[in-house]
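Letters A, B, ... mirror the listed sequences (proteins, then strands); counts begin at 1.
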2 protein chains.
Amino acid sequence: MAPPTTEPLTAERILVATEEVLRRHGPAKATVVDVARALGVSHGSVYRHFRTKAALREAVTKRWLDRTTATLTAVATAEDRDPEARLRDWLTTLFEAKRRKAGDDPELFATYQVLAEENGEAVAAHIADLTAQLTGIIRSGTATGTFASTDPTTTARAVFHATSRFHKPSFAPAWQEPDIEKQFTAVLDLVLRGLRA
Amino acid sequence: MAPPTTEPLTAERILVATEEVLRRHGPAKATVVDVARALGVSHGSVYRHFRTKAALREAVTKRWLDRTTATLTAVATAEDRDPEARLRDWLTTLFEAKRRKAGDDPELFATYQVLAEENGEAVAAHIADLTAQLTGIIRSGTATGTFASTDPTTTARAVFHATSRFHKPSFAPAWQEPDIEKQFTAVLDLVLRGLRA
DNA sequence: CAGCTGACAGATTTCAATATCTGTCAGCTG
DNA sequence: CAGCTGACAGATATTGAAATCTGTCAGCTG
């Protein structure tokens, strides 16, 4: 548990170790002392890089949320593709990513759900990022005449809200239902019909 | 706490007393002994009418859910009115009712949220009731040519899912956001556009 | 004798003592 | 002397013994 290293103790190394500790012990039992032990340092050293335990957990939360955003950016910014297909892809990618994470490792998913709940601000920023991507897709759709929207920002948020069931973590149990894909398709079709010019 | 009555002890009286005890003590501390004390009987008498504490709580949950359904039935079955207006009204009534309950008495709302979580089956039946009402509205809309839907049941569920943010109790904190009505209108407009023939 | 009571066993919850953790900082070490 | 350590005070979590609750049922009562 205490592999002695010559490497300098960086914020990055602490974050990686914290993720590992959270994975192992869960959000309730993961302590700063555990993180320090995993790194082979005293817990005082961890506080040199993060003012509080809450700040450390917030940093872990942000990293995790940013990884999700990165995956979607590629889909959102494929400016050459048909906006309708891009929107369909974007929402499907988001849903599939969430569903896979929740299904593959439910405990880890629950852990990050707890972190998300205690860092509402980071989550709000993440959601702002996502709706900004959606706004971009919708705006280019109105430009090409595919979509009808007088206010792409409002429309983007409406699309995001209408598809909550397929990305909000609190719906994760529903993602196990056998007809969940049918449910998703039905909502997606309804929303896309509503968007079309 | 023990008003002696000559009235016979009925399931109905027990349910009313249980609601009161839940309101007073919350879901975690409400005990069968409390209910019996409120009625001035021994707790053994309560078990004469309800096999277990869980069964008693389930019965309370069903009563509460049924009261919500009843309010909406009136809107759903106004067969003479324009289906689009009826759908708009139905979803608005549902949202306003939930929002008012959550805002007026957050503790009681939280109590019933706990009861709902522990009685998934009763909630599923309630949701089936609601989507059946929606299906009725959509079916009459397709009959008059207002709505386009090849499968009113699937469409009804899609409409219900797309508006989750405005009726699922787990979204109650979001119902306090200043622009929540704007959010609701945006989703409602999007969904209704998607439904139109 | 139908309906209610209250004592009881086992399960669950509460509470207070004990242990662990968080965050600080004076001093050590390379 | 920059970076780390580890002892410490106060806050939080764990634990196990005591209290309460659930569900049953033999017997009381009107």
Side-chain angles (χ1 to χ4, degrees), chain A residues 1-61 107 110-111 114-115 117-119 122, chain B residues 1-61 107 110-111 114-115 117-119 122:
Chain A
M1 274 301 155
T5 314
T6 180
E7 278 189 48
L9 185 61
T10 60
E12 174 66 20
R13 285 186 62 217
I14 293 171
L15 288 174
V16 172
T18 305
E19 280 177 3
E20 175 60 16
V21 168
L22 281 165
R23 196 172 286 123
R24 273 199 146 82
H25 302 313
K29 289 187 186 170
T31 72
V32 176
V33 172
D34 289 332
V35 173
R37 195 169 22 236
L39 288 163
V41 299
S42 87
H43 74 279
S45 302
V46 174
Y47 282 99
R48 178 160 293 279
H49 293 87
F50 295 94
R51 272 200 306 284
T52 64
K53 184 188 186 184
L56 175 56
R57 287 166 78 116
E58 189 188 338
V60 170
T61 307
E107 283 192 28
T111 293
V114 170
L115 291 187
E117 271 153 33
E118 65 190 36
N119 293 288
Chain B
M1 273 300 156
T5 314
T6 180
E7 280 189 44
L9 185 62
T10 61
E12 174 66 19
R13 284 187 63 218
I14 293 172
L15 289 174
V16 171
T18 305
E19 282 178 1
E20 175 59 17
V21 168
L22 281 164
R23 197 170 287 124
R24 274 200 145 80
H25 302 315
K29 289 188 185 169
T31 72
V32 176
V33 171
D34 289 332
V35 173
R37 194 168 21 234
L39 288 163
V41 300
S42 87
H43 74 280
S45 302
V46 173
Y47 282 98
R48 178 161 294 280
H49 292 87
F50 295 93
R51 272 199 307 285
T52 65
K53 184 188 185 183
L56 174 56
R57 287 166 77 114
E58 190 187 339
V60 169
T61 308
E107 284 192 28
T111 293
V114 170
L115 290 187
E117 270 152 34
E118 66 188 39
N119 291 288

Can you pull every protein N or O that's under 3.5 Å from an N or O on nucleotides 14-20 of chain D?
none

Which pairs would a plain distance check flag for residues 27-36 of chain A, meaning a side-chain donor or acceptor within less than 3.5 Å of a matching protein atom at least two apart in sequence or in another chain?
from, atom 1, to, atom 2, distance (Å)
A:T31, OG1, A:V33, N, 3.4
A:T31, OG1, A:D34, N, 2.9
A:T31, OG1, A:D34, OD2, 3.1
A:D34, OD1, A:R37, NH2, 2.7
A:D34, OD2, A:T31, N, 3.2

Out of curiosity, [X] [atom1] to [Y] [atom2], how far, rounded to the nearest 0.5 Å?
{"X": "A:L56", "Y": "A:T18", "atom1": "CG", "atom2": "OG1", "value": "4.0 Å"}
{"X": "B:E20", "Y": "B:R24", "atom1": "CD", "atom2": "CZ", "value": "4.5 Å"}
{"X": "A:L15", "Y": "A:F50", "atom1": "CG", "atom2": "CZ", "value": "4.0 Å"}
{"X": "A:L39", "Y": "A:T10", "atom1": "CG", "atom2": "OG1", "value": "9.0 Å"}

Rounding to a whole Å, what distance do you find between [X]:[atom1] and [N]:[atom2]?
{"X": "B:R37", "N": "C:dT5", "atom1": "CZ", "atom2": "P", "answer": "14 Å"}
{"X": "B:D34", "N": "D:dC21", "atom1": "CG", "atom2": "P", "answer": "7 Å"}
{"X": "B:R13", "N": "C:dC4", "atom1": "CZ", "atom2": "C1'", "answer": "13 Å"}
{"X": "A:L39", "N": "D:dT5", "atom1": "CG", "atom2": "P", "answer": "10 Å"}
{"X": "B:R57", "N": "D:dT22", "atom1": "CZ", "atom2": "C1'", "answer": "13 Å"}
{"X": "A:I14", "N": "D:dC4", "atom1": "CD1", "atom2": "C1'", "answer": "12 Å"}

Q: Dot-bracket for DNA chain C, please, read 5' to 3', with Watson-Crick or G-U wobble pairs under 3.5 Å on both distances, ( ) within the strand, [ ] crossing, | other strand, . unpaired.
A: ||||||||||||||||||||||||||||||
Q. Residues in side-chain contact (heavy atoms from CB on, under 4.5 Å) with A:E107, at least two apart?
A.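 For A:E107, the residues satisfying side-chain contact (heavy atoms from CB on, under 4.5 Å) (neighbours in sequence not counted) are A:D105.
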Q. Which residues satisfy the side-chain contact (heavy atoms from CB on, under 4.5 Å) test with B:S42, sequence neighbours excluded?
A.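 Partners of B:S42 by the side-chain contact (heavy atoms from CB on, under 4.5 Å) criterion, ordered by chain and then number, come out as B:S45.
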Q | Minimal non-hydrogen separation, B:G26 against B:T111, with atom names | A |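 The answer is CA-OG1, 4.1 Å.
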(Q) With salt bridge (charged side-chain N to carboxylate O under 4.0 Å, His left out) as the rule and sequence neighbours excluded, what pairs involving residues 45-60 of chain B come up? (A) B:R57-B:E118, B:E58-B:K62
Q. Any donor-acceptor pair under 3.5 Å linking the side chain of B:H49 with the backbone of B:L9?
A.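 Answer holds: yes.
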Q. With the sugar-phosphate defined as primed atoms, P, OP1 and OP2, and the base as all remaining atoms, what B/S/- string results for nucleotides 23-30 of chain C, 5' to 3', for protein heavy atoms under 4.0 Å?
A. BB------
Q | By side chain to side chain donor-acceptor pair (under 3.5 Å) - contacts of A:T61 (at least two apart) | A | A:N119
Q) Side-chain N or O of B:S45 less than 4.0 angstrom from OP1 or OP2 on C:dC4? A)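 No.
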